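Report on the structure given below.
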Protein chains: 2
Amino acid sequence: MKTEHRSGCPINLSLEVFGDRWSLIILRDMIFGGKRHFRELLNGSIEGIASNILADRLKRLMELGMLTKADDPSHKQKAIYSLTEMAITLVPIMAHLGAWGRVWLPVSEELSIRAELLEKGGPAMWDQFMDELRHEHLGTPVAAPGRPSVRATLQAGYEAVVARKASSAA
Amino acid sequence: MKTEHRSGCPINLSLEVFGDRWSLIILRDMIFGGKRHFRELLNGSIEGIASNILADRLKRLMELGMLTKADDPSHKQKAIYSLTEMAITLVPIMAHLGAWGRVWLPVSEELSIRAELLEKGGPAMWDQFMDELRHEHLGTPVAAPGRPSVRATLQAGYEAVVARKASSAA
DNA sequence: TGCAACCGATTGCAAAATGCAATCAGTTTG
DNA sequence: CAAACTGATTGCATTTTGCAATCGGTTGCA
């Protein structure tokens, strides 16, 4: 584990963790896309990450304590990557980042609907989402079962936009 | 202006803007340190940015619409860099980033006291800070004059920590 | 008037990171 | 038994970064 830091400033240290073009993309796909396996992340990435970079970043994120890796009982070669609490608490940052990007950058409608819903849901929705992620990745019990999951809500919003755009194009 | 993007996802586009090791550091020094000149950013940076990287990032941030540049009337060669509204609205993201870093990373006490105060101040303090930045960089009138400025409050907190550590070391 | 300090950069160069395609050995499926 | 799939690894060209030296011009001071 590298302990050489440019400074002890929290913003600087945060940048040393995910101040690159891929780390947050991988975490985004795990958090919002529910991706857990190498191939899912590799082939599912709309930005087209290369396999060597993905391998390097997964390793790095594990060393940093953001991810853990476990064997998949269904396949001797398969590895399941899990978010740690450290990574799960990035949800509010992701939400703010998405909200900021939606205002200032040329986002596409179908890829920003999730950010819009997450922004409108506010901290209550973020907390529920983090709770679901803890259940999914850390095995903790769900606090309030029965509600539709945040990921499913976001996904439904995405699919509604895609369907609307497909029908209006036809 | 480059218009080639990896995807229209808001998080991805945000990363394309400041997903590197220096852009947010420069903006941090302008926002929290009040730096406006090249040399201030170059020599004041605790992380030690190189002059060619600083020049490159300032240019890039201007092309992206995060900064503007103006002549300093006091010196024919001097340039004043100003934050745009796009950059000023990063304040909540900076606050969250600082809060996250304080929890999970080996921050130093004197460099994280600002993040702590900003976190405790909450959205009300962030709004006041953004208002002050708009006044400082965009020339808008201050909404509620007379209050101690957020930057001064954060700076006072920093200096109190430094003074306390100096006296306890003696 | 001369000269040092300062202004925002620029240049050259080595090292590191990135991007891409091909490939690996083992596992599972059909 | 072959094809598809598993998490990677390798080689290589390109790009980015980091560092030190330097640039031409401006300013303040003796």
Side-chain angles (χ1 to χ4, degrees), chain A residues 2 4-7 12 15-27 29-30 33 35-64 66-83, chain B residues 2 4-7 12 15-27 29-30 33 35-64 66-83:
Chain A
K2 208 180 291 179
E4 208 174 314
H5 298 296
R6 302 189 300 189
S7 85
N12 171 62
L15 281 181
E16 291 186 17
V17 170
F18 41 72
D20 74 277
R21 294 179 108 59
W22 289 111
S23 298
L24 267 193
I25 293 288
I26 294 168
L27 292 168
D29 286 347
M30 291 187 69
K35 311 285 172 66
R36 306 289 297 262
H37 302 290
F38 191 94
R39 290 282 159 174
E40 280 182 304
L41 289 162
L42 185 65
N43 301 327
S45 153
I46 38 175
E47 286 85 12
I49 190 169
S51 66
N52 55 347
I53 312 237
L54 175 57
D56 179 81
R57 289 307 187 280
L58 288 173
K59 186 179 148 204
R60 211 181 100 86
L61 289 170
M62 286 193 295
E63 288 168 354
L64 289 165
M66 307 271 285
L67 298 179
T68 58
K69 184 180 176 178
D71 291 339
D72 186 328
S74 79
H75 189 306
K76 284 186 182 168
Q77 267 183 318
K78 233 169 176 172
I80 302 182
Y81 292 93
S82 298
L83 301 167
Chain B
K2 209 180 294 179
E4 208 174 318
H5 299 296
R6 301 190 298 188
S7 84
N12 171 61
L15 279 181
E16 290 187 16
V17 170
F18 42 72
D20 73 278
R21 294 180 108 57
W22 289 112
S23 298
L24 267 192
I25 293 287
I26 294 169
L27 292 168
D29 286 347
M30 292 188 69
K35 311 287 173 65
R36 307 289 298 262
H37 302 290
F38 191 94
R39 290 283 159 172
E40 279 182 305
L41 290 162
L42 185 65
N43 301 326
S45 152
I46 38 174
E47 286 86 12
I49 190 168
S51 66
N52 55 344
I53 311 239
L54 176 57
D56 179 81
R57 291 305 187 281
L58 288 172
K59 187 180 148 204
R60 211 181 102 84
L61 289 170
M62 286 194 295
E63 288 169 355
L64 288 165
M66 308 271 285
L67 299 179
T68 58
K69 184 179 175 179
D71 291 340
D72 186 329
S74 78
H75 190 304
K76 285 185 182 170
Q77 268 182 315
K78 232 168 175 171
I80 302 181
Y81 293 93
S82 297
L83 301 167

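These numbers come from a predicted model, not from an experiment. Residue numbering restarts at 1 for every chain, and letters A, B, ... go by the order of the sequence lines.
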Considering every strand and a 4.0 Å limit on heavy-atom distances, what is the contact class for B:R6: base, sugar-phosphate, or nothing? nothing
By nearest atom, which of the nucleotides C:dT18, C:dC20, D:dA20 is closest to the A:D20 side chain? C:dT18
Ignoring the backbone of B:R57, work out which of D:dT17, D:dT9, C:dG12 is nearest its side chain. D:dT17
Audit row: A:K76, A:D71, side-chain contact (heavy atoms from CB on, under 4.5 Å) steps and yes/no: CA-CA 7 Å; A:K76 284 186 182 168; A:D71 291 339; over 6 Å; no
Grab the CG-P distance between A:L42 and C:dT23 for me, whole Å please. 17 Å
N/O (side chain, B:R21) to phosphate O (OP1/OP2, D:dT16) under 4.0 Å: no
In whole Å, I'd like the distance from the NZ atom of A:K78 to the P atom of D:dA4. 17 Å
Please report the distance, rounded to the nearest Å, between CZ in A:R39 and C1' in C:dT27. 13 Å
Could you check how far CD1 of A:I53 sits from P of C:dA21, rounded to whole Å? 13 Å
Tell me the interatomic distance from B:F38, atom CZ, to D:dG25, atom C1', rounded to whole angstroms. 15 Å
The criterion is side chain to side chain donor-acceptor pair (under 3.5 Å); which residues satisfy it with A:D20, sequence neighbours excluded? A:S23, A:R57
Distance check: side-chain N/O of A:W22 vs OP1/OP2 of C:dA17, anything under 4.0 Å? no
Could you give the CG-to-P distance, from B:L41 to C:dC7, as a whole number of Å? 12 Å
Would the base of C:dG8 count as contacting B:Q77 through its side chain, where contact means a donor and an acceptor less than 3.5 Å apart? no
Can you find a heavy atom in the side chain of A:T68 that is under 4.5 Å from one in the side chain of A:M62? no
Could you walk me through whether A:L27 and A:L61 pass the side-chain contact (heavy atoms from CB on, under 4.5 Å) check? CA-CA 9 Å; A:L27 292 168; A:L61 289 170; 4.3 Å; yes
Would you please test A:N12 and B:I46 for side-chain contact (heavy atoms from CB on, under 4.5 Å) and show each step? CA-CA 10 Å; A:N12 171 62; B:I46 38 174; over 6 Å; no
Salt-bridge present (A:R21, B:E16; N to O < 4.0 Å): no
Please report the distance, rounded to the nearest Å, between CG in B:D56 and C1' in C:dG12. 16 Å
Using only side-chain N and O atoms of A:H37, determine if any of them is under 4.0 Å from OP1 or OP2 of D:dG7. yes
Among C:dT27, D:dT9, D:dT27, the nucleotide that comes nearest once only the side chain of B:K76 is considered: D:dT27
Quick one: list whatever passes side chain to side chain contact (heavy atoms under 4.5 Å, CB included) with A:A79, sequence neighbours left out. A:K69, A:Y81
Distance check needed: C:dG19 C1' versus A:I25 CD1, whole Å only. 16 Å
Using a cut-off of strictly less than 4.0 Å between a heavy atom of the residue and any atom of DNA chain D, enumerate the qualifying residues of residues 67-75 of chain A by number. A:K69, A:H75
